Amino acid sequence: MITFDDKRQIWALHTDHTSYGIGVDRAGRLKNLYFGGRLPGDSEFGDPNFGFPFGASFDPPEGQGQFEYPTQTGMYYVEPCLKATFADGVRDTALVYHRQEQTSANGIPTLTITLKDTYYPLLVHLGYRLYEDCDLIERFAVIENTGETPIMLEEVLSGIWHLPRGRDYRLTHLAGRHTQEFHLYQDRLTPGRKTIESRRGNTSHQANPWFAIDRSTATEDYGEVWFGALAWSGNWKIAADYSPTTLLQVSGGINDFDFAWVLKPGESFQTPSFVGGYTREGFGQASRNLHHYQLRHVLRDTADPRPVIYNSWESTFFDVHEDNQLALIDRAADIGVELFCIDDGWFGQRHTDHAGLGDWTVNREKFPHGLTGVIERAHGRGMKFGIWVEPEMVNPDSDLYRAHPDWVYHFPNRSRTEARNQLVLNFARSDVQTTIFDALDHLLSTYPIDFIKWDMNRSFSEPGWPDADRSQQREIWVRHVHALYDILRRLRAKYPALSIESCSGGGARVDLGVMPYVDQFWTSDNTDAYDRLSIQEGFSMAYCARVMESWVTAAKHNVKNRDTSLEYRFHSAMMGSLGLSLDLTASSEAELDQMRRLIDQYKQIRHIVQFGDQYRLLSPRFGDTSAVQYVTADQRESVVFVSVQLQHFQDLVPVIYLRGLQPDALYSVSEQSQPLSGQALMMRGLDIRMAGDLKSKLIALTQISD
Ligand code: DGJ
């Protein structure tokens, strides 16, 4: 619900459990008044004219103001959301309130507050979409040039979240590297700025655009948490500025590193959304709110569960050809796989990672019948068919590069840095966009392909576009992402049944920006079942299990040499969207039988995992036992995955306290002979026996009485 008190010029944005207040001060400036638990009315927000009592020339009151969209102006020194240079060279933007509008689209109340510069022809439209059922606000800004001369934008963030003045604030964020994405870090904030960001052109393995702030005491279940996630797949930044006066503000959006955008007369620039929320129920609820938002409002098709996928990568790598894929198709179908995907290696002269990227035609030596042979077999065996592509890249050893060496990002007089023997195509160019869209369109219209895995295997370098006007050179970071979204959008419009996986050498393109255009993410190139527990835990902080593709791979697979049982590997992968990538032609009948049984079991419980509420019961960060629970919305079914990594002599598994059940209802528990009440399962917990290293259990619960 959004209300506006015209007389006091105060807006109240109420979700089910939170309130967000905005007001206009005497000088016409827009201030944030409140962001926290739900307040009963609108009269109790703070006063927009509240100022700090300091009189020092170094600390004027306006410098302390909690501006709703701060700009570079006056004596404001914290991170501005907007930095612009007008045609006459003025680098100061002074915004005052202009007008407001309230609308509703698909039941989502939306507020637009428009600010205008006090002198120059510049409007800033601040958008707020309210997801009341998820306790989330989605914010964005649109900058409009209503004048006759260009305006240079040097920083345009999506928004800033103000927290109450206070102490003991702690930042939780996700960081890592290739094969170790989504690791959780927590730092106590001290005065100064902590920035998490990507400058690599993609979302990155090194950091993910999600944050949470608490007062250093929140747990999974209790405590105040402010949190947010950015919907952007290019260079991004989230900065937490904590001042010695105990103000804390978290700003975020497109990274201003090497960024500039020429806003021509009559044009607008829209920022990506920054989704934010608040809860008093700890990190667990913060995550569930984001999961609900994704399942209810962001993802396109959520009626059916994601299929069980077989992917050829960790079985045949680049050595894909019709014969070995047909053999795998048959084995995959036999054990209950629902979608068969051929990964890298099927096109051009792609025999290793040295050649072929850019030439999206089937290699007829490997596939003499084109893809028809394998697709017909997969479809004939009742499976969908998918194919791997990496459309943003080119190997110098490719027909595409030989024909168009200027189609990659580069600077004159500088070498072109290759990574994995490839260069990044300049997606800002319309001729590149057309060529790539046409190549994909040709592939999808020639063959009945049901799924593509869109990969992206290097970070940017030499981000130059020599043919473009000098003033536009720094726009490539943003134009690239716009082109990516546009191609995905057009593919989905033309092929509505096509589903898409976003991959970037594992999880370097997992974010809310690309999520509306894809159906799932490749989580990490690290498929070691034990390592995955921490990666998956970090992933779950921000993203729902349905979109988290997880493969069962060979015990001693290519990344780590750890030997784990098939059951342990399955249980680890069953916590998301189950997939497999191991050589099924080398598996024994007994192993295939076990896989069939486990896949079948996953199909029985996947609606709980993919649509249910997730509870992180025991973190792999803090001990050798970890446990994750999922509960259906009606609380009738639940599943718990318990993993023991290393067990000390005579150690017992800790009691596992369940969550999210109906206290008065009775549940049958697969591990216990007697049914137990929800209350007992949550209060007394589950006492289970497990012995040995790298062991796991799947415990299923079903309500047997109300
Ligand atoms: C990186 C991906 O993350 C892998 O799953 C695989 O598709 C390779 N690229 C193929 O080159």
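None of these values were measured; they are calculated from a predicted model. One-based numbering, in listed order, for ligands and for the atoms of each.
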Pair Arg402 + Asp399, salt bridge at N-O below 4.0 Å = yes
Salt bridge (charged side-chain N to carboxylate O under 4.0 Å, His left out) partners of residues 475-501, not counting sequence neighbours, each pair once = Asp441-Lys494, Glu475-Arg479, Asp486-Arg489, Asp486-Arg490, Arg492-Asp519
Check ligand 1 against the protein and report each N/O to N/O distance under 3.5 Å, formatted as atom name, atom name, distance.
unit_1   : atom_1 : unit_2 : atom_2 : d
ligand 1 : 3 (O)  : Gly506 : N      : 3.0
ligand 1 : 3 (O)  : Trp522 : NE1    : 3.4
ligand 1 : 3 (O)  : Asp525 : OD1    : 2.4
ligand 1 : 3 (O)  : Asp525 : OD2    : 3.3
ligand 1 : 5 (O)  : Lys453 : NZ     : 2.8
ligand 1 : 5 (O)  : Trp522 : NE1    : 3.4
ligand 1 : 7 (O)  : Asp343 : OD1    : 2.7
ligand 1 : 7 (O)  : Asp343 : OD2    : 3.2
ligand 1 : 7 (O)  : Trp388 : NE1    : 3.1
ligand 1 : 7 (O)  : Lys453 : NZ     : 2.9
ligand 1 : 7 (O)  : Asp455 : OD2    : 3.4
ligand 1 : 9 (N)  : Asp455 : OD2    : 2.7
ligand 1 : 9 (N)  : Asn457 : ND2    : 3.4
ligand 1 : 11 (O) : Asp344 : OD2    : 2.6
ligand 1 : 11 (O) : Arg420 : NH1    : 2.9
ligand 1 : 11 (O) : Arg420 : NH2    : 3.0

Any side-chain donor paired with an acceptor under 3.5 Å for Gln614 and Ser287?
-> no
Would you list the pairs meeting salt bridge (charged side-chain N to carboxylate O under 4.0 Å, His left out) in which at least one residue belongs to residues 533-553, sequence neighbours left out?
-> Glu537-Arg621
Cation-pi check, Arg532 onto Trp522 ring (under 6.0 Å, within 45° of axis) | yes
Salt bridge (charged side-chain N to carboxylate O under 4.0 Å, His left out) pairs, two or more places apart, involving residues 373-385 = Asp330-Arg377, Asp330-Arg381, Asp334-Arg381
